[in-house]
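Because the structure is predicted, anything quoted here is derived from the model rather than measured.
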Amino acid sequence: MLTLERAKELNATMVTEDHLILHALNVCYAMGAMAAHFGEDVEHWQAIGMLHDYDYEKYPDEHLRHTEEPLLAAGVEPEEVRAILSHGYGICTDVKPETNLEKSLFTVDELTGIIQACARMRPNGIQDLEVKSLMKKFKDKRFAAKCNRELILKGCEMLGMDLPEVAGICIEGMKEHADELQLMGSGEEKTV
């Protein structure tokens with residue numbers, strides 16, 4: 001079974017850009033919170049989240065086409081690789097999310113981007129971010145415009161959960177790691 005330590009090692013062989021490392025960590029900790037929600041192995045889900053964009057930095061236009069072979073060769077289990085591939089469903093893969101792990105990864109990948117952007121604007125970062133504040137930003141299509149809201153909503157539907165519930169779980173999971181995620185806040189309100 002993939003450990004978080006091994007996932008970080010593997011990710012470091014391919015991902016060097018700070019913003020991509022930070023995104024991997026955001027997804028990692030949101031996935032841990034989703035695992036806890038479903039009563040699953042937190043560290044295992046975190047490891048999948050950490051490794052989800054393994055090939056993105058080197059192959060942004062061929063995302064997930066350079067993931068399966070190297071990860072299998074590195075000893076990552078086939079079902080773990082499948083979970084990683086499933087987050088590109090309908091975008092760059094035809095691997096449909098089937099398990100709660102896969103559906104969660106599909107959903108939180110984009111959602112963590114909006115949470116991060118929202119937290120960065122607040123004086124106290126993510127520490128006092130509430131779901132209702134996030135939902136206001138979610139409705140504003142210009143805010144964190146690159147984050148695909150349709151995919152997030154599709155993922156929530158797959159999970160049989162509503163967006164505020166998933167967002168609340170992810171925010172709480174990310175809060176526990178606010179310092180590492182650079183989401184402690186600066187004490188100043190930011191404007192877009």
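- Closest approach of Ile169 to Ala33, counting heavy atoms only: O-CB, 3.3 Å.
- The aromatic rings of His177 and Tyr29 lie parallel to each other, their planes meeting at an angle below 30°, with 60° marking the opposite boundary.
- Using modelled atom types and a 3.5 Å distance limit, the side chains of His37 and Asn100 yield no donor-acceptor pair.
- Between Leu101 and Ile48, the closest side-chain pair of non-hydrogen atoms falls below 4.5 Å.
- Residue Glu9 qualifies as enclosed at atom CD: its count of foreign heavy atoms under 6.0 Å is above 12.
- Residue Phe138 places its CZ atom among more than 12 non-hydrogen atoms of other residues, nucleotides or ligands, all under 6.0 Å distant.
- Ionic pairing of Glu5 and Lys8 is not present here: no N-O contact between side-chain nitrogen and carboxylate oxygen is shorter than 4.0 angstrom.
- Taken from OG1 in Thr107 to CD in Glu157, the straight-line distance is 10.5 Å, to the nearest 0.5 Å.
- Judged by distance alone, with hydrogens and angles left aside, the side-chain atoms of Asn26 form no donor-acceptor pair with the main-chain N or O of Thr112 at under 3.5 Å.
- Note that OG of Ser186 and CE of Met121 are 11.0 Å apart. Values are rounded to the nearest 0.5 Å.
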Legend entry - Pair Cys28-Trp45, side chain to side chain contact (heavy atoms under 4.5 Å, CB included): steps then yes or no: CA-CA 7 Å; Cys28 164; Trp45 283 38; over 6 Å; no

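- Contact record, Arg6 with Ala74: NH2-O, 3.2 Å, taken as the closest heavy-atom pair.
- Applying the 6.0 Å contact sphere to NZ of Lys136 captures no more than 12 heavy atoms from other residues, nucleotides or ligands.
- When all heavy atoms are compared, the tightest approach of Gly32 to Gln46 is CA-CG, 3.5 Å.
- With contacts defined as side-chain heavy-atom distances shorter than 4.5 Å, the pair Arg149/Lys139 does not qualify.
- Each of Met1 and Val81 belongs to its own hydrophobic cluster when Ile, Leu, Val, Met, Phe, Trp and Tyr are linked at side-chain heavy-atom distances under 4.5 angstrom.
- Side-chain N or O atoms of His87 include one that pairs as donor or acceptor with a backbone N or O of Ile84 at under 3.5 Å.
- Counting heavy atoms from C-beta on, the side chains of Met14 and Asp53 never come closer than 4.5 Å.
- Remark: side-chain polar atoms of Glu110 are not paired, donor with acceptor, to backbone N or O of Ile152 under 3.5 angstrom.
- The other members of the hydrophobic cluster of Phe106, by chain and number, are Tyr89, Ile91, Leu151, Met158 (side-chain heavy atoms under 4.5 Å, ILVMFWY only).
- Shown here is Glu17, whose CD atom has more than 12 heavy atoms of other residues, nucleotides or ligands within 6.0 Å.
- Under the side-chain contact (heavy atoms from CB on, under 4.5 Å) rule, Ile115 has a single partner from Leu134, Leu181, Leu183, which is Leu134.
- One hydrophobic cluster holds both Val95 and Leu72 under the rule that ILVMFWY side chains link at heavy-atom gaps under 4.5 Å.
- Summarising the geometry, atom CG belonging to Asn11 is positioned 8.5 Å from atom OH belonging to Tyr54; distances are rounded to the nearest 0.5 Å.
- Nearest approach of Leu105 to Gly49, heavy atoms of both residues: CD1-CA, 4.2 Å.
- Between Met31 and Val42, the closest side-chain pair of non-hydrogen atoms is not below 4.5 Å.
- Here His52 and His23 bring their ring centres to under 6.0 angstrom of each other.
- Taking the centre and axis of the six-membered ring of Tyr59, the NZ or CZ atom of Arg65 falls outside the cone set by 45° and 6.0 Å.
- Asp140 contributes atom CG, which lies 12.5 Å from atom CE of Met135 (distance to the nearest 0.5 angstrom).
- A distance of 8.5 Å separates CD of Gln116 from SG of Cys147, quoted to the nearest 0.5 Å.
- Considering only heavy atoms from C-beta on, Val131 stays 4.5 Å or farther from Glu165 through its side chain.
- Between the side chains of Glu62 and His66, at least one donor-acceptor pair of N or O atoms lies under 3.5 Å.
- Here the shortest heavy-atom pairing between Leu2 and Leu51 reads CD2-CD2, 3.9 Å.
- One finds a salt bridge joining Glu172 and Lys175 here, because a Lys/Arg side-chain nitrogen approaches an Asp/Glu carboxylate oxygen to under 4.0 Å.
- For the atom pair Met50 CE and Leu4 CG, the distance stands at 7.0 Å (nearest 0.5 Å).
- The shortest side-chain heavy-atom distance between Arg82 and Glu68 does not fall under the 4.5 Å cut-off.
- No donor-acceptor pair under 3.5 Å is formed between the side chain of Glu102 and the backbone N or O of Ser86.
- Remark: of the listed residues Leu129, Asn124, Asp128, Leu129 is the sole one forming a side-chain contact (heavy atoms from CB on, under 4.5 Å) with Ile126.
- Side chains of Cys156 and Lys103 form no contact here, defined as non-hydrogen atoms less than 4.5 Å apart.
- Looking at heavy atoms from C-beta onward, Leu159 lies in side-chain contact with Met34 at the 4.5 angstrom threshold.
- Nearest heavy atoms, Leu20 versus Tyr56: CD2-CD2, 3.9 Å.
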